[in-house]
Every structure is written in C-alpha cells, then in structure tokens.
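What follows is a single structure, written as structure tokens, with notes after it.
Below, chain A is the first sequence line, B the second, and so on; all start at residue 1. Worth knowing before you read on, the calculation uses all heavy atoms, side chains too, and leaves out hydrogens, waters and symmetry mates.
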Amino acid sequence: MEQYAVEMLHITKRFPGIIANDDITLQLKKGEIHALLGENGAGKSTLMSVLFGLYEPEEGEIRINGKPARIKNPNDANDLGIGMVHQHFKLVECFSVLDNIILGVEPVDSLSFLRKKRAREKVMEMSRKWGLHVNPDALISDVTVGMQQRTEILKMLYRENDILIFDEPTAVLTPQEIDELMQIMKNLAAEGKSILFISHKLNEIMAVADRCSVLRKGKYIGTVNIADTTKAELSRMMVGRDVKFAVDKEEARIGGEVLKVEHMTVASKQHANDAVKDVSFTVRQGEIVCIAGIDGNGQSELVYGLTGLESLKSGTITLCGKNITKAPIRRRSRFGMSHIPEDRHKHGLVLDYSLEDNMVLQRYFEPEFTNSAGFLKRKAIRSYAERLIEQYDVRSGQGPITMARSMSGGNQQKAIVAREIDKGPELLVAVQPTRGLDVGAIEYIHQQIVAQRDAGKAVLLVSLELDEVMNVSDRILVMYEGEIVGEFDPKQVTVEELGLYMAGAKRMEVEA
Amino acid sequence: MILLLQYTLLFASVLMLVALGGCFSERSGVINIGLEGIMTVGALGGALVMKFLPVEAGGAPLMILATIVASAAAGMLFSLLLAVAAINFKADQTITGTAMNMLATAAATVLVKAMNTAASGGSDVSSDIIYTRARDTFIVRLGNFEFNWFMLVALIALIISYIVLYKMRFGLRLRACGEHPQAADSVGISVYKMRYAGVLISGLLGGIGGIVYITAGVSSWKFENGVAGFGFLALAVMIFGQWKPIKIALAALLFGFFRALGNVYTGFDLLKNLNLPSQIYNMLPYIISLIVLALTSKNSLAPKAEGIPYDKGSR
C-alpha cells in the first residue's frame with residue numbers, strides 16, 4: 001500500500017513581487033496528524049490553496065495516494081477526497097446546520113426535490129460516532145463557534161473525505177473546545193483519516209501532531225518527528241532564531257494617573273442586561289493594566305465605551321485630567337488615546353486602502369499631511385509610511401502602496417501597532433493585540449507594549465490569553481459578567497486562582 | 001366592491017410576478033433595479049403579439065400562450081444585459097439597472113413610433129399600441145367579476161417559486177450564492193451559473209409582469225410612459241416581503257389594494273364625498289411604499305452578498 005496520502009513535491013508559486021512558495025515539499029502519511037508550521041506570511045495558506053486548486057503552481061507536482069493529480073478547482077480536490085476546514089468558516093449563516101452540511105452534495109429524488117431525511121440520519125450517525133455534537137436544525141447564526149466548526153468537520157466527513165485539512169482551527173475556540181477538537185482529531189486519525197494541521201501554536205502541535213513540517217518566508221525548512229523535538233527547536237526552525245517565551249521587563253516605575261474610569265455602564269447589543277456594569281478603575285503612567293476574562297464578559301463593550309465606539313449609559317471617563325465621557329473619537333485620539341482594536345479588519349484598517357493611507361488614517365488632516373488648501377501632501381504621507389514600515393518591520397508585497405487587504409494578518413497588526421504607537425499616546429488601549437499571530441510577531445508586539453510602559457505611558461491591555469496576562473501585565477483586573485471581580489498582582493497570583501475568578505467561582509470587592 | 005376586488009387581485013398579480021422575479025435575482029446575489037425596464041420590454045413583446053396575432057388564428061388559448069411566451073422571452077433577453085454586465089464584467093449593479101430602465105422606455109418608444117409611422121404613412125406618430133380584441137381573450141366573466149387568466153399565472157408563479165426556493169436543490173444553491181458565494185464555491189457550486197439563472201428568472205417573471213400591467217385596465221398603451229414606476233413598486237414589495245415568496249404575496253395584495261383604490265375610488269360614496277383630487281389616490285401606493293420602507297428597512301433580511309460582484313480571488 002502507498003505510504004503517502006498527499007505528496008506535494010517541489011512546489012513553487014510566485015505572485016507579483018513575492019515568491020510565496022519556493023520549492024516546497026510536503027509529504028502527508030496515511031493516518032497521521034501532520035502539522036504545518038510557519039509564521040504568518042510564510043506561505044502556508046498559499047500552499048494549501050495550491051492543494052485545493054485555487055492557485056496553479058508554476059513548478060512542482062502533486063500526488064494523491066501515489067498518483068499524480070491535476071487539481072484545478074475545489075471540485076477536483078473534493079473528488080480526490082480532500083476536505084478543508086477554513087480558518088474563516090465557509091458557512092451560510094441563515095441556513096441550518098444540516099443545509100450547510102449537504103450544500104453541494106444534496107440528496108435529491110429524480111425531480112431534484114431535496115430529500116433531507118436520509119441526510120439527517122447520516123449526519124446524526126456521524127455526529128454520534130465521532131463525538132461531534134450538533135443540532136441539525138439550528139441556524140448557523142444562532143450556534144456557538146465551536147458548533148460551527150463541528151459543522152465544518154461534518155461537512156468533510158459527510159463527503160467521505162479521507163484527507164482532512166484544518167487551517168488554524170483553534171484560533172476561535174475556548175480552551176475546553178480546543179481540548180475537544182484535539183481529541184476529535186486523534187480519533188479521526190486513528191480511524192485512518194490523514195490530517196494536515198496548520199498552526200503556529202507550538203503547544204497544540206506538540207500535543208496532537210505526529211510530524212511537523214516547517215516553512216519560513218516561503219521556503220521549506222524541514223520536517224521533524226514531534227517525539228524527537230522540542231518547542232524551542234520548532235520555534236527556532238519557524239523564526240530562524242531563538243525565541244524567548246517570557247517577556248523581559250524591568251520593575252514598573254509608576255507615575256501619575258492617566259485614565260480614570262468611574263461607574264461606567266454600557267448597554268449590550270445582544271441582550272437586555274448591561275454588558276458593563278458600574279465599572280471603575282484607573283491606569284497610571286508606567287504601568288500595564290490587564291483586563292482578563294473569558295470572552296464575552298463585557299471586555300469588548302468596555303473598550304467600545306472607553307474609545308468612543310459606543311456611548312456610555314452612565315459613568316465618566318477622565319483622560320489626563322480632561323473629562324472625555326462624551327468626546328468624539330477624534331478628540332479622544334488627539335488627547336492622547338491610542339487604540340489597537342480587537343477586530344483589525346473592522347476597526348483597525350480600511351482594507352481597500354493602501355498601507356500608506358492606513359498609516360495616516362487618524363492624522364491626515366494635520367498640517368504635516370495636508371496643506372492649507374486642503375490637498376493631501378502625498379509625498380509627506382509616502383515618506384512617513386516608509387519610515388514606519390522600516391522602523392516597525394512591516395512586510396508587504398509593494399511597500400507603501402500595498403493594499404491592506406493583501407497583507408498577512410501579522411503584518412496588518414504590525415502596521416496598526418506602528419500607527420498607534422508612533423502617534424505618541426499617553427494611553428495605549430490594546431485589545432487582544434496578539435490574536436492570531438505567530439510567536440515572532442507576538443514577541444515583537446509584547447516588546448513594543450513594554451517599551452511604551454517603560455517610556456512612562458499608561459497601557460490598558462485586554463487579553464484572553466492567560467500566558468499573556470501573566471507575562472506582560474503589572475496589574476490584573478478580572479472581568480466576569482460585566483463587572484470587575486478581582487484585582488491582582490501577577491507576581492502573587494497563580495493561573496489557577498485567576499481561573500476561579502474568571503469562571504465566576506470567586507470574587508472580591510474591588511476599590512477603584 | 002367587486003370591482004375593487006378585481007383590480008386589487010390584478011395589480012397584486014403584477015406586483016407578485018415582478019417582485020418574485022426580483023427575489024430570484026437578489027437571492028442569487030444580483031441587485032435588480034432594472035425590473036422597471038424589464039417590465040417595459042416584456043410588455044412590448046407581449047403587446048406586439050397581441051396586436052399582430054389574429055385572435056381567429058387559434059382562439060384564446062393560443063393568444064394567451066403566445067403573449068406570455070413573448071413577454072417572458074423579451075424580458076429574459078433584456079435581463080441578459082444585467083447578467084452580462086453584473087456577472088461577467090462585475091459592473092456596478094445599481095448603475096447597470098438604472099441604465100436598463102432608461103434604455104427600455106427609450107427603445108420601446110422609438111420602436112413603436114417607427115412602427116406606427118411606417119404603418120400609417122406618417123399620419124400616426126404616437127407610441128401607442130392598441131390591443132382591444134386580444135385583451136378580451138384573457139378575461140372570463142363570472143357574473144360581475146372579470147376573472148383574468150393572469151391572476152392564475154401569478155398564483156402558479158407564487159407556488160412554484162416557493163417550492164423551487166425552499167424544497168429543491170436549485171433553490172438551496174441559489175440562496176447560498178446570495179448569502180455566502182465563497183461558501184457555495186468551496187463546495188463546488190458555480191456561482192456564475194446560479195447568478196445567471198437568478199437574473200434570467202427575474203427577466204422571465206418581470207417580462208410577464210409587464211404585459212399583465214399594461215393590459216390590466218386599458219386596451220392600449222403609450223410606451224412613452226414605460227410602466228409608470230411599477231417596477232420600483234415591485235421592488236418595494238420585494239423588500240417589504242423580506243425576499244420571501246409568501247410575504248411578498250401578502251405585500252403585493254396590500255400594495256395592489258391601494259393601487260386599485262386609485263382606479264375605482266369613485267365607486268365608493270364615502271371616498272367620493274371627501275372630494276380629494278384623483279391624483280391623491282393615484283399617489284397612494286407610492287406614498288405607502290415610502291412610509292413602509294422607511295419604517296421596516298432597518299431590520300432588513302436582504303441576502304448578505306447581494307450587490308457584490310463575485311470574484312474568486314478575494315477573501
């Protein structure tokens with residue numbers, strides 16, 4: 001029997017200005033979980049798009065089960081038994097779970113009327129067999145992200161795919177859901193499915209994969225057995241140098257109060273209860289205050305209220321002694337607030353603008369970039385963007401004129417960080433600044449945040465990652481159901497203790 | 001009273017046909033502002049058959065069939081403009097539709113005027129088509145009530161639309177293309193083909209709606225007027241009906257009622273005694289549509305991907 005389910009041999013794919021895949025070889029054994037590791041922009045997505053027939057490679061050969069294959073579109077891939085869970089789910093929100101699973105391979109009678117009963121039985125049977133719990137009649141828009149992902153997995157299984165690709169599947173899941181997914185992947189592999197697991201989270205790769213292939217800047221670095229390697233070695237292969245997992249920082253030198261929030265209440269868009277309930281806290285110069293908590297406990301709304309994206313129901317916000325409770329966003333920005341938003345596509349960048357235009361989004365009207373007649377000074381904008389790109393190492397295909405949409409997530413984030421920090425803020429509000437980023441970029445962004453603090457700025461960090469909370473912050477506030485239920489010194493608290501507060505099992509009265 | 005019912009059903013039939021057409025197009029992801037133009041061209045196709053096909057040739061059945069086929073074919077042909085521009089050339093769909101509306105009335109006027117001028121040797125330069133005898137074949141008198149075969153056509157269109165959209169494979173795929181074309185594409189559905197199908201069906205239904213409209217109350221039509229904004233009213237019906245066939249039918253009845261009121265209000269003493277100018281009644285459906293849309297468009301359930309040209313490469 002053929003040993004390999006998928007062989008991608010010497011694949012080269014070029015785009016204007018960049019070689020996305022340069023002579024890459026990837027061999028997936030039958031029944032194994034094979035991790036594909038690389039930083040953002042290393043070429044993982046391009047390689048998978050080649051396998052899926054979305055791009056045609058200039059050079060190289062693809063073999064499926066030993067036979068050379070020409071894959072020209074996703075249908076060919078599907079016919080060869082290849083299925084994929086995309087990072088951004090390909091689900092129709094207003095369809096039921098069942099409709100999404102059968103879409104494209106609908107069971108129909110001779111008049112092409114839908115026959116859903118058989119499909120439902122098959123789905124329920126698979127659901128039981130693999131432990132993929134779903135409600136087939138629920139609408140996708142009403143179910144959890146975890147169930148959406150299980151729907152995607154069932155989509156592949158329903159099509160009887162044997163080669164399963166998971167593109168960064170854990171980015172959107174809670175820790176419990178991640179554990180479940182890992183178990184499901186192991187079960188699938190045990191049943192003979194071959195799994196390709198694209199990730200940059202080393203812990204997960206170490207936990208679940210059999211082998212790991214590493215890409216760096218479009219080049220193939222090597223393939224290792226997980227049993228014979230360490231996290232440190234993998235990260236060295238991925239980044240090309242040693243990576244520090246702990247953040248180096250000096251003792252905090254705390255100064256005066258920069259931000260003071262008193263009795264803030266913000267209404268919720270989802271339900272009748274308030275999302276943020278009577279929250280008070282301060283952030284001082286030279287400290288990083290971290291708001292920890294499980295996703296959906298009011299952190300997002302707190303930031304919306306603080307940054308002016310939503311108005312407060314009650315309470316006051318004071319920034320550097322000025323009351324900004326009702327100030328518009330631009331005035332908050334000019335008073336010294338910088339914001340690295342949670343959703344970089346929605347609130348961070350104009351995706352169809354060039355990088356240089358994105359760099360001056362909040363400042364284009366300043367005399368530096370606009371002359372007295374109201375025309376933009378394109379030269380000044382260009383040179384400003386070039387300086388930021390250079391200084392913050394923002395990588396893109398065409399420099400300042402690259403469309404933001406075409407950049408990798410990590411570099412989009414770096415561009416936002418560059419813009420927000422270069423403004424010279426008094427207060428930096430960073431919301432999940434490292435979400436979805438690889439270790440190299442995470443390290444870099446943490447360094448930048450710590451540098452701001454050491455320069456005497458105030459930093460408010462909102463994070464869901466406990467590692468980040470413990471490593472970066474000087475003070476931790478835990479949010480649970482819209483309230484601050486605990487305040488901690490990271491040096492004197494354990495992750496387990498924090499977890500109890502985050503889950504609502506314990507609470508203390510916090511003085512603002 | 002019977003007259004009011006008759007006109008309500010007739011105008012509701014028009015709105016239902018055209019709005020259902022729009023529904024197919026928009027559910028596939030293509031905004032169809034050009035319904036007005038499609039109606040005009042469909043009306044022209046049907047009117048020409050009614051003018052030139054002798055009633056004696058095959059009696060009522062042939063006349064009805066030929067008229068419907070001609071209107072549908074003309075509407076589909078014209079809707080191809082939208083399909084090619086919006087799907088192949090990724091043009092802005094709103095602008096394409098607007099251009100179609102302007103083109104349709106102008107082209108129909110030129111064509112009919114040229115035809116009339118040639119036939120009369122220059123004494124008739126109007127843009128009118130007269131179809132008195134042919135029109136009678138569509139009508140069955142049931143006491144005082146004039147049943148029009150088009151009412152049945154609209155009802156059949158409604159039932160078929162519902163079944164196709166919700167009970168058949170085609171409908172599931174069509175709706176997927178309007179909501180999340182990338183998802184549809186990733187499971188091997190040809191988004192381009194489905195969108196072509198959606199637009200052509202809107203041409204078919206819109207074209208039939210056109211002929212029903214111009215034959216509803218009168219025996220001749222001045223093509224300079226296009227279809228007097230009824231295509232836009234049908235768009236309002238579609239939006240008010242939340243892109244769903246059953247709700248569209250109800251919305252069509254509501255708007256059809258107000259339109260019918262404009263025709264027959266003089267039959268009601270109460271309304272007549274108000275002494276309002278007739279223009280007020282004629283304006284009613286349009287005013288109502290403004291109010292209704294202003295109040296309801298906030299929680300619109302429009303297909304998410306409508307109006308966005310599908311491009312395989314974009315993420």
Side-chain angles (χ1 to χ4, degrees), chain A residues 15 45 49 52-55 73-79 82-96 98-116 119 139-141 148 151-152 155-156 158-159 161 167 345 351-352 403 405-409, chain B residues 23 26-29 90 92 159-195 197-198 201 242-245 247 298-315:
Chain A
F15 290 111
S45 304
S49 298
F52 248 72
L54 295 172
Y55 298 137
N73 58 50
N75 283 347
D76 293 346
N78 190 42
D79 292 343
I82 306 173
M84 177 154 165
V85 176
H86 297 266
Q87 190 180 358
H88 302 285
F89 299 150
K90 306 264 186 197
L91 297 170
V92 182
E93 294 229 316
C94 63
F95 279 19
S96 69
L98 183 65
D99 284 349
N100 268 290
I101 292 172
I102 63 175
L103 186 65
V105 288
E106 306 86 349
V108 288
D109 62 15
S110 53
L111 294 170
S112 93
F113 279 90
L114 293 170
R115 285 284 169 261
K116 292 192 193 171
L139 296 185
I140 290 295
S141 52
Q148 292 179 8
T151 305
E152 284 279 23
K155 248 166 96 176
M156 298 191 295
Y158 186 85
R159 287 160 172 74
N161 294 148
D167 188 4
H345 289 172
L351 287 175
D352 290 312
M403 284 297 134
R405 187 182 293 281
S406 69
M407 293 164 61
S408 70
Chain B
C23 172
E26 305 223 340
R27 284 289 191 140
S28 79
K90 308 196 186 336
D92 185 292
I159 294 167
I160 292 182
S161 295
Y162 178 80
I163 292 176
V164 165
L165 276 177
Y166 292 107
K167 300 289 172 197
M168 295 182 77
R169 178 167 66 189
F170 174 79
L172 189 74
R173 293 183 171 189
L174 186 89
R175 286 184 288 133
C177 290
E179 289 290 336
H180 196 333
Q182 288 81 10
D185 194 23
S186 77
V187 293
I189 295 168
S190 166
V191 178
Y192 296 150
K193 275 188 200 159
M194 295 315 287
R195 290 195 165 176
I201 292 172
Q242 298 285 346
W243 291 264
K244 293 188 172 81
K247 286 189 176 174
K298 242 188 171 174
N299 36 16
S300 146
L301 294 174
K304 282 205 192 65
E306 74 166 1
I308 308 163
Y310 181 61
D311 180 2
K312 266 176 171 279
S314 87
R315 342 182 208 181

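Of the inter-residue distances, the one linking Glu152(A) atom CD with Ser186(B) atom OG reads 7.0 Å to the nearest 0.5 angstrom. To the nearest 0.5 Å, atom CD of residue Gln182(B) and atom NE2 of residue His88(A) are 11.5 Å apart.
Contacts of Leu111(A) with chain B are made by backbone atoms alone, with heavy-atom separations under 4.5 Å and no side-chain atom involved. Neither the backbone nor the side chain of Arg115(A) comes within less than 4.5 Å of any heavy atom in chain B. Using a 4.5 Å cut-off between heavy atoms, Leu103(A) contacts chain B through both its backbone and its side chain. For a residue to count as touching a neighbouring chain, one of its non-hydrogen atoms must lie under 4.5 Å from one of that chain's; by this rule Phe113(A) touches chain B with backbone and side chain alike.
Screening His180(B), Glu179(B), Lys304(B) for a side-chain contact (heavy atoms from CB on, under 4.5 Å) with Glu93(A), the sole residue that qualifies is Lys304(B).
Between Leu114(A) and Tyr166(B) the shortest side-chain heavy-atom distance does not fall below 4.5 Å. A heavy-atom distance below 4.5 Å is not found between the side chains of Lys90(A) and Val187(B).
Under the rule for a ring pair (Phe, Tyr, Trp, His ring centres under 6.0 Å), Phe52(A) has no partner lying at least two apart in sequence or in another chain.
Of all the heavy atoms in Val92(A) and Ala183(B), the pair that sits closest is CG2-CB, 4.4 Å.
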